[in-house]
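Scroll down for the structure; my scribbles are underneath it.
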There are 2 protein chains.
Amino acid sequence: MAKTADDTIAVRISKVLADRIISGVIEPGARLRQDHIAEEFQTSHVPVREAFRRLEAQGLATGEPRRGVRVASFDLGEVREVAEMRAALEVLALRHAAPHLTAAILHLAEEATKAGDKSRDVRSWEEANRTFHRLILAPCGMPRLLATIDDLHAASARFLFAAWRSEWETRTDQDHRAILSALRQGNTESAAATLGRHVQWIGQKPVKTASGRTRDAFAIVG
Amino acid sequence: MAKTADDTIAVRISKVLADRIISGVIEPGARLRQDHIAEEFQTSHVPVREAFRRLEAQGLATGEPRRGVRVASFDLGEVREVAEMRAALEVLALRHAAPHLTAAILHLAEEATKAGDKSRDVRSWEEANRTFHRLILAPCGMPRLLATIDDLHAASARFLFAAWRSEWETRTDQDHRAILSALRQGNTESAAATLGRHVQWIGQKPVKTASGRTRDAFAIVG
DNA sequence: AATACAAAAATTATCTATAATTTTAAACCA
DNA sequence: TGGTTTAAAATTATAGATAATTTTTGTATT
């Protein structure tokens, strides 16, 4: 994580809180109390409130006037929604990025895929996955689009961690390889189609709840 | 504009400023000085800062640490970017909304189209246009998607006002009618295709600059 | 025992004040 | 005159304090 020292305190706080929300350290629905957070970060609550506004914009927290802020909760519907938005926007980004992709970039993307296959925990798999997507999309040169996609990736990671925080068996990513192969052949449409499907693949897994029951957890796995 | 009295001051301020930025009352690149704004709204600058964070998230302002916030500037590239994002996301929304569209909704959408045709200034045309899009997309029931589209519409309106603030001749909207007709026949794919093209139609017009020169202004007209 | 009410505690939202930084203006020197 | 340094003013960012609201807790009442 970039510890950009010249960031404003609010930005620093929002990054740390975002990481906690995404990784599931703070549970969905949990209240975020500004004084407590202010105390933890050794600041007043003014920057904390600004951090809250940033988290709200990213869709990681929701606030109601006078009643504070809480970690955004989510359901299968939102997992689907984020998956479809990612599919639509990543395909768009890839179409524009494709003409600017170099052999060097594709090589790095391949490395990221291998790193994903080798990873033994969700966290490092997610990081490798995000690297792959960023590498092949960044050359589109559309900053607003990339920023929106980034927020959606954060949401995706949240779903992923919620479902598979502890156990995780490695999966070799066939789709990533197919996308790279199509891009190498200059077949943008095929790459875009595969990417669109890839991002909408929603994994499902039975998970034990606190009460001992089992329910199904869902996550975007791509 | 909804003057929800129970909004927090920060939200109220951000709404007013957003309106000014979109309508072009404040020029792109202009600095937003927190003390001045605080004075205008009879508040301290704390809520003003929170309003800034909201504007940044909407892409209407950009801030650098310690150097304040300024109105986001834009160029043809960003107009294109927003148009393509809108096309991708509105098509997605329409596909999901289509099964839930009722005759009543389509009727209201037709009314909005007529209102657009009748409007004699950009501002009311834009409002009618936005109403049309919102009506046919809202039933998709995807809140995050709709929120993102809303932000993109704000950006679109900004481009539109920048280009045609003063002069504006009415244009009867053929596309809106084609979309409604396709939806009435249950032909979702045709409606989606037309919508996608419609949103990417970028108007162009020569505009006189302050120095008397003429340059081309661009805007999303759909 | 359950519900309704009231007082206390906690929390949010805001204001005023202060420190740190940047911008602007002026003076200075080559 | 043109550029550079220095001082002043303006501005941002944060802290500390206060008012208003909500949540919690305890108590009475049916």
Side-chain angles (χ1 to χ4, degrees), chain A residues 1-21 25-73, chain B residues 1-21 25-73:
Chain A
M1 234 178 307
K3 281 216 181 76
T4 15
D6 54 316
D7 264 350
T8 187
I9 292 183
V11 173
R12 266 211 305 276
I13 294 176
S14 81
K15 282 182 181 169
V16 173
L17 291 182
D19 189 66
R20 284 188 200 161
I21 294 172
V25 173
I26 322 180
E27 296 221 346
R31 283 189 66 172
L32 296 172
R33 294 191 200 80
Q34 57 183 28
D35 285 12
H36 298 192
I37 294 167
E39 195 178 13
E40 179 192 340
F41 286 90
Q42 304 271 11
T43 66
S44 87
H45 53 243
V46 179
V48 175
R49 292 180 60 79
E50 293 184 40
F52 285 171
R53 299 294 94 80
R54 290 176 53 90
L55 294 173
E56 284 176 11
Q58 289 174 81
L60 294 175
T62 58
E64 282 184 295
R66 292 269 166 205
R67 343 199 87 191
V69 176
R70 44 183 72 232
V71 176
S73 52
Chain B
M1 238 181 304
K3 279 215 182 76
T4 15
D6 55 317
D7 264 351
T8 187
I9 293 183
V11 173
R12 266 211 307 275
I13 294 176
S14 81
K15 281 182 181 167
V16 174
L17 291 182
D19 189 66
R20 285 188 200 159
I21 294 171
V25 174
I26 323 181
E27 296 222 344
R31 285 189 66 173
L32 262 29
R33 292 192 201 77
Q34 56 183 28
D35 285 14
H36 299 191
I37 294 167
E39 195 178 14
E40 179 191 342
F41 286 89
Q42 305 271 15
T43 67
S44 87
H45 55 244
V46 179
V48 176
R49 293 179 59 80
E50 292 184 40
F52 284 173
R53 299 294 94 79
R54 291 176 52 92
L55 293 173
E56 285 175 11
Q58 289 175 82
L60 293 175
T62 57
E64 282 185 293
R66 292 266 166 209
R67 343 196 88 191
V69 175
R70 44 183 73 231
V71 176
S73 51

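The figures here come from the full heavy-atom set of this structure, side chains too, leaving out hydrogens, waters and symmetry mates. Protein chains get the first letters and strands the later ones, always in sequence-line order, with residue 1 at the start of each. None of these values were measured; they are calculated from a predicted model.
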Between protein and nucleic acid, restricted to nucleotides 10-12 of chain C and to nitrogen or oxygen atoms under 3.5 Å apart, what atom pairs and distances do you find?
unit_1 : atom_1 : unit_2  : atom_2 : d
C:dT11 : OP1    : A:Arg33 : NE     : 3.0
C:dT11 : OP2    : A:His36 : NE2    : 3.2
C:dT12 : OP2    : A:Gln34 : N      : 3.3
C:dT12 : O2     : A:Arg66 : NH1    : 3.4

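Within residues 53-62 of chain B, no residue places a heavy atom under 4.0 Å from DNA chain C.
B:Arg70 places a side-chain N or O within donor-acceptor distance of the main-chain N or O of B:Gly29, the cut-off being under 3.5 Å.
Interatomic distance, A:His45 NE2 to A:Arg33 CZ, rounded to the nearest 0.5 Å: 16.0 Å.
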Evaluation steps, side-chain contact (heavy atoms from CB on, under 4.5 Å), between B:Leu32 and B:Phe52: CA-CA 9 Å; B:Leu32 262 29; B:Phe52 284 173; 3.8 Å; yes

Full working for side-chain contact (heavy atoms from CB on, under 4.5 Å) between A:Leu17 and A:Arg20: CA-CA 5 Å; A:Leu17 291 182; A:Arg20 284 188 200 161; 4.1 Å; yes

Trace of the side-chain contact (heavy atoms from CB on, under 4.5 Å) decision for A:Val69 with A:Leu55: CA-CA 10 Å; A:Val69 176; A:Leu55 294 173; over 6 Å; no

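Note on A:Gln42: only backbone sugar-phosphate atoms sit closer than 4.0 angstrom, heavy atoms only; bases stay farther off.
Considering every non-hydrogen atom in both A:Ala18 and A:Leu60, the closest pair reads CB-CD1, 3.8 Å.
Contact annotation: A:Thr8 reaches the phosphate of D:dT14 (side-chain N/O to OP1 or OP2, under 4.0 Å).
Across B:Val11, B:Val16, B:Ile9, a single residue satisfies side-chain contact (heavy atoms from CB on, under 4.5 Å) together with B:Ile13, and that is B:Ile9.
Salt bridge annotation for A:Arg53-A:Glu50: absent, with no cationic side-chain nitrogen under 4.0 angstrom from a carboxylate oxygen.
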